[in-house]
Amino acid sequence: QPVATQTIHPRCWQSIVLCKQQTCILVFGGFYFDGYKEHYYNDVHLLDLNSGSWTQVLNCSPSSPSVRNRHGIVRIQQAEEEEGVVVGGVERFLVFGGNCLRGGEDVFFNDAWILTLEIKNVKLKWTQTKNMPVKRGHFTVTERENKVILFGGECERKRFNDFLEL
């Protein structure tokens, strides 16, 4: 049964994460093939789980991650967060890695970005953090006790079975 009353552009290999208050889902990036051309995204959308409506989030940053798919996203706790309550309606997420095709070449990323989201104003800011040691896509990522843990993945046909703490 559909949760949303509207929709965003079709895509696959995007990332989604539940916001702290569990009233919305954030969707970032992804890929779509229309039968003729491949389309990669670096847009951010929020799905309001109460109303079923989508909102594209306004990017207020001079720079942002490249278009990508098969990346990871995880909600990270911020210093201002007290006892599980989001202070000021701001949440932070870490986006890492992924890949896309450029000029017929499969390009993998090892960049990491902090997405700071103002939920009430539906605005975001991107901040690039340090690059990670190994480029990769196709991995899984989770958060535990303020640590981001990544497992596996692939880069240029090399498969990984390692755990990394980001």
Side-chain angles (χ1 to χ4, degrees), residues 3-4 7-20 22 24-47 49 54 56-79 81 90-117 123-166:
V3 174
T7 188
I8 59 175
H9 199 280
R11 63 191 67 209
C12 61
W13 302 321
Q14 70 284 339
S15 58
I16 71 168
V17 65
L18 186 63
C19 297
K20 178 69 178 178
Q22 299 190 5
C24 64
I25 291 176
L26 182 142
V27 176
F28 170 70
F31 163 84
Y32 176 71
F33 182 65
D34 64 12
Y36 301 99
K37 184 178 177 193
E38 295 177 342
H39 304 271
Y40 292 90
Y41 302 106
N42 68 345
D43 54 353
V44 177
H45 297 269
L46 286 178
L47 173 61
L49 295 173
W54 285 99
Q56 185 164 2
V57 182
L58 176 64
N59 183 357
C60 297
S61 297
S63 60
S64 59
S66 303
V67 296
R68 65 191 61 211
N69 68 159
R70 299 175 178 159
H71 53 279
I73 188 169
V74 66
R75 184 182 178 281
I76 54 176
Q77 193 166 356
Q78 51 202 24
E81 199 168 301
V90 175
E91 293 195 45
R92 292 178 46 197
F93 305 88
L94 176 71
V95 174
F96 167 73
N99 68 300
C100 72
L101 281 178
R102 286 193 186 147
E105 295 291 320
D106 206 4
V107 177
F108 285 85
F109 303 106
N110 67 331
D111 55 349
W113 293 79
I114 301 291
L115 185 164
T116 304
L117 174 65
K123 294 191 312 188
L124 67 85
K125 183 178 95 175
W126 289 103
T127 307
Q128 188 167 12
T129 66
K130 64 180 182 178
N131 287 346
M132 299 301 152
V134 180
K135 297 178 182 186
R136 66 179 70 196
H138 312 263
F139 55 86
T140 54
V141 65
T142 191
E143 180 272 338
R144 180 175 184 260
E145 298 175 358
N146 287 337
K147 304 284 187 201
V148 176
I149 302 167
L150 179 144
F151 174 74
E154 176 209 15
C155 181
E156 298 168 355
R157 302 202 185 277
K158 180 179 180 187
R159 303 319 193 275
F160 301 103
N161 65 346
D162 56 345
F163 278 95
L164 295 177
E165 191 175 282
L166 309 181

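A quick note: this is a predicted structure, and the numbers were derived from the prediction, not measured.
Across C100 and D106, no two heavy atoms sit closer than the pair O-OD1, 3.5 Å. Between I8 and H45, the shortest heavy-atom contact is CG2-ND1, 3.5 Å. Of all non-hydrogen atoms in V74 and T142, the two that sit nearest each other are CG2-C, 3.7 Å. Closest non-hydrogen pair, V107 versus R102, comes out as CG2-CB, 3.9 Å.
No donor-acceptor pair closer than 3.5 Å links the side chain of N110 to the backbone N or O of R136. At distances below 3.5 Å, not a single donor-acceptor pair connects side-chain atoms of R157 with backbone N or O atoms of C155.
A side chain to side chain contact (heavy atoms under 4.5 Å, CB included) with H71 is found for exactly one of W13, F108, F28, W113, namely F28. The only member of K130, K135, R68 that meets salt bridge (charged side-chain N to carboxylate O under 4.0 Å, His left out) when paired with D111 is R68.
With a 6.0 Å radius and a threshold of 12 heavy atoms from other residues, nucleotides or ligands, N161 has its CG atom at or below the threshold.
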Legend entry - Evaluation steps, side chain to side chain donor-acceptor pair (under 3.5 Å), between Y32 and H9: CA-CA 9 Å; Y32 176 71; H9 199 280; 5.7 Å; no

Inset, instruction - I would like to know whether F96 and F139 meet ring-ring contact (aromatic ring centres under 6.0 Å, His included); could you show each step before the answer? - result: CA-CA 10 Å; F96 167 73; F139 55 86; 5.4 Å; yes

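Counting only heavy atoms from C-beta outward, the side chains of Y41 and V67 never approach each other to under 4.5 Å. Side-chain contact between L124 and T116: absent, with no pair of heavy atoms (C-beta onward) separated by less than 4.5 Å.
R75 has a carboxylate O that lies under 4.0 Å from a charged side-chain N of E91, or vice versa, which qualifies the two as a salt bridge.
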